[in-house]
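First the structure, in the form of structure tokens, and then the observations on it.
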Amino acid sequence: MSQQDKSNQATMPRKTTVECLRLISDGSGIGHIDGIATFVPGLLPGETAEVVVTKAKKNWQQARLLKINKRSPERIDAPCSVFEGCGGCQLQHMSYKETLVWKRRWVEDALTRIGKLSVEVKPMIGMEHPWRYRNKARLHRVPSGELGYFKERSKALVNFADCLLLSERMNRWIRRTEELLAKDAGYSEIHTLIFRENTNHEGLLLLEGPPSKVLPVAENPDFFEALAKEGIRSVWGANAEGKLQLIWGEEEFGQTILDLRFDVSPLSFLQVNSLQTDILYKLVLDGAALTGEEIVWDLYSGIGTLALALATKAKKVTGIEENPYAVENAIQNAVKNNAVGHVEFLKGKVEQRMMKIEEKPNVVVLDPPRAGLHGDVLERLLELKPERIIYVSCDTGTLARDLGGFTVGGYTVMSVQPVDMFPWTQHVECVVMIERE
């Protein structure tokens, strides 16, 4: 064999066999090859498979699944036609009941490993029908006119006929909008579309692209007439100053949560699973244990969903939110739900605005983004010493980090309740009750 052949052989991907021991929190299976931890997307615990190593580091490596030799009884055929190529769901090849078991384990692992906590994690609250649950979809549009998701860690478009996480109605909106935009070459620079669906099954569409290309859509009445027949009630875009502008339809877009009515801006945050949101928020209200005498802070308050629910049982609620569109919605929602006088909303970064409030809270509700709490927020809360803190988290890693900070500062984690807000994906939402010792 020539030196060149030996070199080529050394660099060729190596096929081997691995047994999966468990799942890590991104949904990949993990086993060991020659003592090296090997991550294999798509492999389930208990399965043995042929794989090829695609990336090798000193202490770990990644492999691609080639053939399953021993199949797990929990493996199912993923019902989505683009499951393997999309990357939006990581767990459709596993029975739903088993996904709940592993998500709970991921929470336990993060709390132990990162937070250094020994605390019981309650069984995951799942869904009876874990499909068609998303009320929002962000889609990308390529020059050919197709709409779809970007493949994970890529700008490659995944076009689909039916996303099983979206309602059949929203799938129709997507396909119809794709057709309408393709009819006019002037829409070629519209690159991103956001669809929302409310509890009345009405739709909102936000078009993103150069204002000179987005706003002229208003000149095409046929476009809106076709969307209106499908249930779309408003279309939005950004003007030259970057501000949201209603292009067509009704300005108000409402959502019902816990029997309260909320207006939602196209760019405001809202939990994407409407059915599980009611369950999540009831857990928060139960944990707050309000008697009507408490001063409550709702930090990262969004459009005021939790703040207004808390205001029905509290003496006063103060919400702080950075997103100006969400704060505007929250103020309107307070009026809509007759909560004026019981609740106020402050615009700005939580770590800055909370420092200027003189009133000390009895109860604090936290619902931060994935990055978790700013260090100044944690430090200030430890100074204020509220009796109870309810932490709503969408990232177990930053949750564990922050809980570790609270326990060092004199608080006890009373309960950890995970809720499956995102079935078939790696994501886990938790409601954590924390009390001052």
Side-chain angles (χ1 to χ4, degrees), residues 23-27 90-91 99-126 269-273 276-277 279-288 297-302 305-306 320-322 349-351 354 361 363-382 384 386-423 425-437:
L23 291 186
I24 61 172
S25 59
D26 70 354
Q90 296 79 35
L91 301 172
T99 69
L100 301 182
V101 171
W102 279 100
K103 287 187 176 187
R104 180 190 185 189
R105 289 180 184 173
W106 294 340
V107 178
E108 292 172 332
D109 177 66
L111 295 182
T112 302
R113 181 172 47 85
I114 300 172
K116 311 302 179 186
L117 299 171
S118 177
V119 58
E120 179 189 2
V121 177
K122 295 181 179 181
M124 173 83 65
I125 298 176
F269 170 79
L270 188 69
Q271 294 284 357
V272 300
N273 188 328
Q276 294 290 81
T277 296
I279 293 172
L280 187 81
Y281 286 2
K282 285 176 182 176
L283 289 169
V284 174
L285 292 176
D286 290 344
W297 286 5
D298 179 17
L299 307 185
Y300 312 94
S301 54
T305 47
L306 269 173
I320 304 178
E321 171 59 46
E322 183 178 357
K349 293 182 179 295
V350 170
E351 60 269 23
M354 69 182 294
V363 178
V364 174
V365 175
L366 306 168
D367 190 0
R370 294 195 185 281
L373 301 182
H374 189 284
D376 291 346
V377 175
L378 178 60
E379 184 178 344
R380 180 59 175 156
L381 290 177
L382 292 179
L384 292 170
E387 299 162 22
R388 289 184 299 283
I389 298 172
I390 300 97
Y391 193 138
V392 181
S393 167
C394 59
D395 186 283
T396 55
T398 55
L399 169 66
R401 178 201 67 198
D402 294 339
L403 292 183
F406 280 118
T407 56
V408 169
Y411 280 82
T412 299
V413 176
M414 305 303 294
S415 69
V416 180
Q417 177 64 72
V419 181
D420 197 21
M421 299 290 287
F422 316 98
T425 78
Q426 69 191 57
H427 303 296
V428 184
E429 196 94 3
C430 288
V431 179
V432 183
M433 308 301 170
I434 312 165
E435 291 188 2
R436 183 159 55 88
E437 294 177 359

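Please read these numbers as outputs of a predicted model, since none were measured by experiment.
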Side-chain heavy-atom pair [X], [Y] within 4.5 angstrom cut-off:
X	Y	value
D286	Q417	no
L23	W106	yes
V428	M124	yes
N273	E429	no
I125	L283	yes
F406	V432	no
L384	P361	yes
D26	Q90	no

Rounded distance [0.5 Å steps], [atom1] in [X] versus [atom2] in [Y]:
X	Y	atom1	atom2	result
H427	S25	NE2	OG	10.5 Å
R370	T398	CZ	OG1	9.0 Å
T396	Q426	OG1	CD	9.5 Å
T407	K116	OG1	NZ	12.0 Å
H374	E379	NE2	CD	10.5 Å
E108	W102	CD	CH2	10.5 Å

Legend entry - For L306, the option from T277, I390, D298 that meets side-chain contact (heavy atoms from CB on, under 4.5 Å): D298
Inset, instruction - Scan I389, D367, V350 and name whichever one has a side-chain contact (heavy atoms from CB on, under 4.5 Å) with L299. - result: V350
Inset, instruction - Would you sort out whether L366 and D402 count as a side chain to side chain contact (heavy atoms under 4.5 Å, CB included), showing the intermediate values? - result: CA-CA 11 Å; L366 306 168; D402 294 339; over 6 Å; no
Please report the shortest heavy-atom distance between [X] and [Y], naming the atom on each side.
X	Y	value
Y300	P369	CD2-CD, 3.9 Å
A400	I114	CB-CB, 3.8 Å
L280	Q271	CD2-NE2, 3.8 Å
L399	C430	CD2-CB, 3.9 Å

Legend entry - CA sep, side-chain torsions, deciding dist, call: V377, R380, side chain to side chain contact (heavy atoms under 4.5 Å, CB included): CA-CA 5 Å; V377 175; R380 180 59 175 156; 6.0 Å; no
Inset, instruction - Could you walk me through whether L373 and Y391 pass the side chain to side chain contact (heavy atoms under 4.5 Å, CB included) test, one step at a time? - result: CA-CA 10 Å; L373 301 182; Y391 193 138; 3.9 Å; yes
Legend entry - Residues E387 and R436 bridged, charged N to O under 4.0 Å: no
Legend entry - Flag, side chain of K122 to backbone of P418, donor-acceptor distance under 3.5 Å: no
Inset, instruction - Please lay out, stage by stage, how R388 and E435 fare under the test salt bridge (charged side-chain N to carboxylate O under 4.0 Å, His left out). - result: CA-CA 5 Å; R388 289 184 299 283; E435 291 188 2; 5.4 Å; no
Inset, instruction - Verify side chain to side chain donor-acceptor pair (under 3.5 Å) between T412 and E437, making sure each step is shown before the conclusion. - result: CA-CA 6 Å; T412 299; E437 294 177 359; 3.1 Å; yes
Inset, instruction - Decide yes or no on side chain to side chain contact (heavy atoms under 4.5 Å, CB included) for Y411 and L382, but give the supporting numbers first. - result: CA-CA 9 Å; Y411 280 82; L382 292 179; 3.9 Å; yes
